[in-house]
Every structure is written in C-alpha cells, then in structure tokens.
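Single-structure report; data block below.
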Number of protein chains: 2
Amino acid sequence: MKSSRKTPTMADVAREAGVSPMTVSRAFKSDAYVNDETRKAILAAAERLGYVMDSMASGLSSRKTGFVAVTIPSVNNANFADTIRGLTEGLQEKGLQVLLGYTSYNLEEEERLVRQLLTRRPEAIVVTGGKHTEKCRAMLENAGIPVIETWDIPSDPIDSVVGFSNAEASAMIVRHLVSTGRTKIAFLGGDTSRDTRGFDRRRGFTRTMEQLGFDATRLTEAGPPPISMREGADAFSRLMQKWPDTEAVVCVSDLAGFGALTECQRLGIDVPGKMAIAGFGAYEISDICVPPITSVDPHCYQIGMLSAQRIIDLLSDADEETTTSQTVLEPELLIRASTVSTS
Amino acid sequence: MKSSRKTPTMADVAREAGVSPMTVSRAFKSDAYVNDETRKAILAAAERLGYVMDSMASGLSSRKTGFVAVTIPSVNNANFADTIRGLTEGLQEKGLQVLLGYTSYNLEEEERLVRQLLTRRPEAIVVTGGKHTEKCRAMLENAGIPVIETWDIPSDPIDSVVGFSNAEASAMIVRHLVSTGRTKIAFLGGDTSRDTRGFDRRRGFTRTMEQLGFDATRLTEAGPPPISMREGADAFSRLMQKWPDTEAVVCVSDLAGFGALTECQRLGIDVPGKMAIAGFGAYEISDICVPPITSVDPHCYQIGMLSAQRIIDLLSDADEETTTSQTVLEPELLIRASTVSTS
DNA sequence: AGCCTTGTTGTTATCGATAACTCTTGTTGC
DNA sequence: GCAACAAGAGTTATCGATAACAACAAGGCT
C-alpha cells in the first residue's frame with residue numbers, strides 16, 4: 001500500500017503512447033487489428049506505468065466478465081478440490097476464471113451464495129448436487145446463463161448435468177462385498193438429508209441389499225456432514241456395540257472408512273479377516289493406509305474437466321439451439337486389501 | 001438457461017416501482033435515507049422481476065468491488081482450506097467476498113495469478129508466503145491496496161504480515177525429540193526451494209540440530225511439493241536404507257509423516273519404540289491414526305481470521321497513517337504417542 | 001480510372017450502477 | 001417567526017472499458 005497515487009487507466013496508457021484509448025484496448029486483445037509496432041509501443045507504455053487492466057469495467061462494457069461461478073459444499077475436501085482443479089484448468093485456455101464459494105452442506109447457504117455469485121454476472125455457473133431451495137432453483141433458471149449440476153444425477157435437471165450415480169456407487173460395493181461371501185453388511189454415515197450425495201449412497205446401499213435379499217437395516221448415523229475420521233471411528237464403535245456380528249461396513253466416505261479402520265486397530269479386529277471396510281472417494285489415504293481400503297473413484301477431476309468443456313461448448317455456440325445434455329460418468333470400483341485377503 | 005430475455009437492470013426495477021433509479025440504488029443499501037414503504041415497494045418490484053444486482057457495475061461506479069483476492073499454493077490442502085475458511089468468515093460481515101486462486105507452489109504462476117487477480121480490482125490481497133518474483137512484488141507494492149503476507153515471516157515484508165516462524169516450528173519438534181533421549185534424528189521433505197515454508201522448516205531443523213551439537217545431515221528429499229503420503233512413505237523407505245540407525249524423523253507435513261508411519265507398519269518397525277515420528281500441520285489424520293502423530297498446529301483458521309480482521313481495520317481508517325504491522329502467531333506443539341511411549 | 005478489400009486508427013455512445021449535488025417538505029429550537 | 005436541519009427523492013455526470021461505426025490509406029481487380 002506504499003503508492004497511494006491513483007491506478008493508471010487505459011486513457012493514461014493511451015496518452016503515454018500517443019494513441020487513442022480504443023487502440024490501447026485493441027492492443028490488449030490478441031485477435032484485433034493493430035499494427036505490430038503500435039502494439040509494442042503500447043505494451044511498453046503500459047509496462048512503464050505499471051498498468052493493469054480493469055476487468056470489471058471491461059466486463060461491464062463487453063458484457064463478458066470472464067467469471068464462471070462454482071459452488072461446492074466444502075473447501076476442505078480433497079474430492080471437491082480435484083473438481084475445482086479440473087474446472088480451473090479446463091477453463092484457463094479460454095481466459096475464464098473460477099469464482100468459488102462454499103455452502104457448508106447447507107441449502108439455505110447455497111441460496112445466499114448463488115445470489116451473491118450471480119451479482120458478479122458470471123458467464124456460467126456450476127453447482128454441486130441437484131437439490132436446491134425453490135428460490136435458488138428459480139434464480140438459476142432465470143439467470144440466462146448455462147447452469148451445470150455436478151456430482152449427482154438430478155431427476156429434474158435445471159440445464160446440463162455432469163455427474164454420476166451415488167446410489168450405483170454403493171451398489172457396486174455391496175455386490176463386491178457379497179461376492180466375497182459377506183452378507184451381514186452395515187452402512188456408516190449419510191444419515192441426514194443435508195448431504196444429499198451421502199444420502200443417495202445410503203439409499204443405494206439399502207436398495208441393493210434388499211434386492212439381494214439381505215438385511216438392510218444396519219445403518220449407523222455419524223452426524224451432519226462433513227463426516228470426519230473421528231466421527232467415522234465413533235460411529236463404527238457404536239455400530240459394533242449394536243451389531244457385534246457385522247462382517248463388513250460400507251462407509252459414506254474414505255475418511256469415515258479410515259476412522260473405522262483405526263477403531264478396528266484399537267479394538268484388535270482383524271481387517272479384512274474379521275471385518276471388511278469399504279469407503280468412497282478414492283482419497284489418497286485409502287490407498288496408502290494399512291491395509292488399503294476398497295473404495296470407489298468418482299473421477300472428481302474429470303467431473304471438473306468435462307464441466308469446463310461443456311461450458312466452453314455452450315458459450316461458443318450460444319445462438320444454436322441448446323439441448324440440455326447429461327454427461328454420466330461411471331464410478332470405478334477399486335478393490336483393495338480391506339475387503340479381500342491378500343494371501 | 002431457459003429464459004433468454006435480458007437480465008433486468010436497476011432502471012427496470014425503478015420503472016416497475018415508479019421511482020427513480022437512484023432511489024432503487026438507495027433501497028438496496030441498508031444505511032441510506034429511504035422511506036420504509038418506498039423500500040418495501042422497491043424490493044417487492046425487484047422480487048417480481050427476479051432482479052439481481054450487478055456488483056460489477058456497482059463496483060465500477062463506487063470504486064469498491066467487494067473483492068479480497070487470496071492466493072494459496074494448493075486448493076487440495078486442509079491447512080490452506082482452513083485459512084480460507086477463516087478469511088471468508090471474517091470478511092463476510094463486511095460484505096467482502098474472497099476471490100481465490102492457487103499457484104501450484106510456483107512463483108511464476110503466482111505472478112500470473114496476481115496479475116489476473118489485480119484486474120478484478122480487489123480491495124485487498126492476501127498472499128501465502130513472503131517470497132515472490134520481482135515483478136510480482138512490484139505489482140503488489142503498486143496496487144495501492146492493503147497487502148497481507150501470511151504463513152511466513154518475511155525478512156522484508158511488503159505491507160502487513162500474519163504468520164509464524166516455520167523454522168521455529170521445527171525447532172520445537174527437535175527440542176521435544178531430544179528431550180525424549182533421541183539424537184539420531186532425520187528430516188524428511190522440504191528439499192526444493194519451491195515450497196519456501198517447507199524449506200524453512202528444514203532449515204529450522206538443521207540449525208537447531210547444529211546448535212544442540214547433533215548430526216544435522218540426515219536429510220531426505222521427497223520431491224517437489226505438494227508431498228503426498230505416498231512420497232512420504234517412499235522417502236522414509238530410502239531414509240532407512242541410508243541411515244538404518246535413525247531413531248526419529250521430523251516430517252515436513254503430517255501427510256508425509258503418516259506415509260512414514262505406514263511404511264513402519266509394513267516394515268515392522270515399532271512406533272514409538274524403535275522410531276519416533278513427528279509431522280506438521282495438525283491435520284486430522286495425525287490425531288486419529290494409530291499411534292497418533294506428534295505435530296505442530298500453526299493455527300491455520302486463526303491466520304485467516306486475523307488477516308480478515310487486519311484488512312477490515314486497514315480499509316476502515318484508510319485515511320489514517322497506516323503503520324505496516326506484523327502479527328506473529330505461536331505454533332503449538334502437540335505431543336502424541338508417535339514420539340512418547342504411552343505405557 | 002473506379003471499385004472493392006484489407007489493414008489501421010479514431011469517434012461516439014453505452015454498459016449498470018453510484019457520488020455529489022439539488023430540490024422539496026416537514027420539524028425543531030430559540 | 002424564521003433559521004437550521006433532517007428526511008426523502010430526483011438529476012446529472014461519471015467510473016473504465018468496449019461495440020459499432022466511420023475514416024482513410026494502400027493495394028489488387030475489373
């Protein structure tokens with residue numbers, strides 16, 4: 001904050017370079033007609049003055065802010081962080097910048113956040129999940145920009161979707177566990193409807209268990225999201241008190257799964273001998289812990305990348321008839337030593 | 001993207017409510033003189049039209065964008081995520097919004113990012129670390145806004161600082177390990193100068209070891225940041241091959257520390273009996289793994305909160321003479337079972 | 001020669017909101 | 001009874017950039 005003199009404007013650069021402001025404006029966009037030497041002189045003048053473009057003014061005039069708004073439930077989550085990375089990198093080449101906000105797994109907070117983000121006039125908006133408050137949904141529908149719902153497959157999508165079936169992810173795990181001969185299987189987490197994705201995973205669990213004719217009532221709550229490792233461990237402890245003969249546990253995330261694993265270590269329960277543990281999210285921890293935990297990889301980075309791609313497509317042929325599209329990713333089951341013996 | 005009609009403006013709301021645009025503008029800021037009934041009518045009109053304010057235009061006119069730019073090395077890091085949470089929450093009440101970007105631990109990337117962020121005319125900027133390219137530093141100095149450097153204590157700060165001594169964090173750990181009778185202590189990670197904070201931790205290690213008269217040469221590289229659990233495990237493995245009699249290892253982060261712990265489990269090395277492990281960052285994993293890992297808590301959330309506070313102070317009395325201030329936090333040593341026997 | 005095209009630059013109006021000012025009307029204080 | 005002031009609303013100019021159009025030179029084509 002040392003220099004308190006006013007920030008130079010394009011007009012200042014124009015004066016310094018002896019051209020009109022419009023020419024300066026052109027010099028800063030690579031595609032426009034500007035003589036090479038003129039451009040060089042202008043960029044030199046800008047450099048001398050320490051000029052930095054004002055994207056806000058530019059956006060107002062051109063009606064293109066260069067923002068893509070993104071909401072995620074939590075910043076402190078490696079899965080969502082990967083999606084953000086995919087988005088940021090996918091949008092970079094088009095000069096689009098991610099404007100991020102988090103909802104703390106709260107739909108009211110999402111509504112507030114979406115309103116705030118829309119005041120920035122983003123060119124597109126990416127939201128996590130397919131469930132929103134009524135007002136929030138209305139705002140998204142009327143925003144007049146591409147809307148992408150991710151990490152889910154909403155039954156009644158607003159616009160485009162880049163997601164996967166959380167229920168199917170659970171189903172894959174259940175079928176795998178059953179194939180290893182286990183039938184007394186419990187589910188840990190995903191109890192509240194705040195984390196709709198966790199809730200879907202739980203529903204996928206009960207549905208699949210019922211379809212296969214097994215007891216689908218071993219459900220343990222672990223508190224509101226985000227569910228920490230500690231909460232996973234505590235929930236597992238309660239689970240074992242209530243149903244001591246449980247043979248396997250499907251956890252709403254790898255973090256809860258790892259918590260369960262540590263509890264097994266403390267209780268002296270052999271994994272996978274006495275207890276199989278499966279998680280979700282393909283977090284690094286699930287791959288490196290001892291034993292590594294069977295998990296499902298939802299391809300978080302891909303979700304971001306594909307969303308970015310979709311946005312770029314939608315923005316480029318904005319005139320053409322836009323058919324709302326669904327991109328459905330296939331989660332990948334990663335079978336690891338926590339559910340199969342490594343002998 | 002269903003409705004393609006133009007987004008309503010303040011003038012539309014004014015027409016709908018039968019007042020002038022200026023009155024609408026006033027109605028949206030709580031402090032201005034507007035008759036209660038007029039305001040109610042205006043807000044109702046806005047609601048009817050689905051009007052959402054254009055912050056970009058507002059910012060251009062009032063010269064207050066409501067943005068605070070923030071750069072962090074990586075989004076996928078619980079420590080920085082906590083700092084972001086602290087910032088976001090601290091700034092919320094003043095209506096300031098965090099505009100986030102990540103540098104991938106790369107100073108050139110930081111320069112590019114800072115330039116991009118400054119085009120959004122933030123009212124303040126928070127950067128992680130005290131090392132920047134020359135151009136980046138110049139941009140920050142000339143931006144004419146408060147600059148806060150965090151997570152570090154630069155020798156030549158640009159403006160304000162909210163940080164802690166990474167070197168001292170290592171020193172605390174070394175002194176603790178020595179107090180438990182160990183002297184053959186190694187350091188894992190922090191090798192490149194890309195992660196300057198990790199590098200500082202390593203320097204703090206060597207300096208303290210030398211001061212105490214012990215061998216400070218057991219340094220193992222773990223590749224460029226961010227260092228994963230896997231890389232921590234691999235580095236630990238190499239470490240044990242090179243110096244098999246090592247009694248303790250100080251890791252650049254808890255993630256690397258946990259990697260080392262898993263390697264001990266695989267190799268059958270008893271922790272803390274044969275090997276003590278210490279990390280950094282107070283990540284949840286260090287608290288819940290078996291045994292829990294001794295760590296240092298840098299109070300990430302506090303860093304964000306205090307930075308937000310500092311920004312609010314600087315923005316409120318912008319006229320007054322601003323003395324550049326340093327806020328130095330005291331990292332907290334968390335002694336856990338990975339370095340002390342729990343008998 | 002006259003016309004069209006391409007390259008290069010300038011002029012004017014405008015994006016959507018707000019600062020600063022003006023203008024009323026009603027109220028308070030002495 | 002009148003200055004002084006607060007409340008409430010309107011008018012005008014402006015923030016910093018760009019779209020759209022205009023202007024003009026140089027060169028190619030018919």
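Sequence lines set the chain letters: A, B, ... in the order given, protein chains first and strands last, and positions in each chain run from 1. Computed from heavy atoms alone, side chains included, the values below leave out hydrogens, waters and symmetry copies.
- In terms of position on DNA chain D, the residue among Asp36(B) and Ala57(B) whose nearest nucleotide sits closer to the 5' end is Asp36(B).
- Among the protein residues, Tyr51(B) comes within range of the sugar-phosphate backbone only, with heavy atoms under 4.0 Å from sugar or phosphate atoms but none that close to a base.
- The two residues Arg120(A) and Phe67(A) have their closest heavy-atom pair at O-CD1, 4.0 Å.
- A straight line from CG of Leu60(A) to P of dT14(C) spans 14 Å, rounded to a whole angstrom.
- No salt bridge links Asp313(B) with Arg310(B); every basic N to acidic carboxylate O contact stays at or beyond 4.0 Å.
- Atom-to-atom, CZ of Arg63(A) to P of dT14(C) comes out at 14 Å; the value is rounded to the nearest Å.
- Looking at heavy-atom distances under 4.0 Å, Met53(B) makes contact with sugar-phosphate atoms alone, never a base.
- Arg26(A) has its CZ atom 8 Å from the C1' atom of dG10(C), to the nearest Å.
- Within the 4.0 angstrom heavy-atom criterion, base atoms lie near Met22(B).
- Look at Ser20(A) and you'll find a side-chain N or O under 4.0 angstrom from OP1 or OP2 of dG10(C).
- Taking atom CG of residue Asn35(B) and atom C1' of nucleotide dG26(C), one finds them 13 Å apart after rounding to whole Å.
- Spacing between atom NZ of Lys64(B) and atom P of dT14(D) amounts to 21 Å, rounded to whole angstrom units.
- Axis angle across the helix from dA1(C)-dT30(D) to dC30(C)-dG1(D), with five pairs used at each end and values rounded to 10°: 30°.
- Dense packing is recorded around CD of Glu89(B), with more than 12 heavy atoms of other residues, nucleotides or ligands lying under 6.0 Å away.
- In the model, Ser104(B) has no side-chain atom that pairs as donor or acceptor with a side-chain atom of Glu109(B) under 3.5 Å.
- Candidate nucleotides dA9(D), dG16(C), dG16(D) were compared by shortest atom distance to the side chain of Thr9(B), and dG16(C) ranks first.
- Atom CZ of Arg120(B) and atom P of dA17(D) are 13 Å apart (whole Å).
- With Val70(B) as the fixed residue, the side-chain contact (heavy atoms from CB on, under 4.5 Å) test singles out one of Thr150(B), Thr83(B), Val98(B): Val98(B).
- For the pair Met10(B) CE and dA19(C) C1', the interatomic distance rounds to 13 Å; values are reported in whole Å.
- Salt bridge annotation for Glu111(B)-Arg115(B): present, with a cationic side-chain nitrogen under 4.0 angstrom from a carboxylate oxygen.
- With hydrogens and angles left out, the side chain of Ser61(B) and the base of dA17(C) share a donor-acceptor pair within 3.5 Å.
- Each of dT18(C), dG10(D), dC15(C) was ranked by its minimum atom distance to the side chain of Thr23(B); first place goes to dG10(D).
- Nearest-nucleotide positions on DNA chain C for Arg39(A) and Ser25(B) put Arg39(A) closer to the 5' end.
- Atom CD of Gln326(A) is surrounded by more than 12 heavy atoms from other residues, nucleotides or ligands within 6.0 Å.
- A salt bridge links Arg137(B) and Glu141(B); the closest N-O separation between the charged side-chain nitrogens and carboxylate oxygens is under 4.0 Å.
- As a whole-Å value, the separation of Met56(A) CE from dA17(C) P is 13 Å.
- Between Tyr33(B) and dG8(D) there is no side-chain N or O to OP1 or OP2 distance below 4.0 Å.
- At a threshold of 4.0 angstrom between heavy atoms, the contacts of Val24(A) with the nucleic acid are absent.
- At a threshold of 4.0 angstrom between heavy atoms, the contacts of Val34(A) are confined to the sugar-phosphate backbone, with no base atom among them.
- Residue-level contact check: Thr38(A) touches the backbone only, with heavy atoms under 4.0 Å from sugar-phosphate atoms and none from bases.
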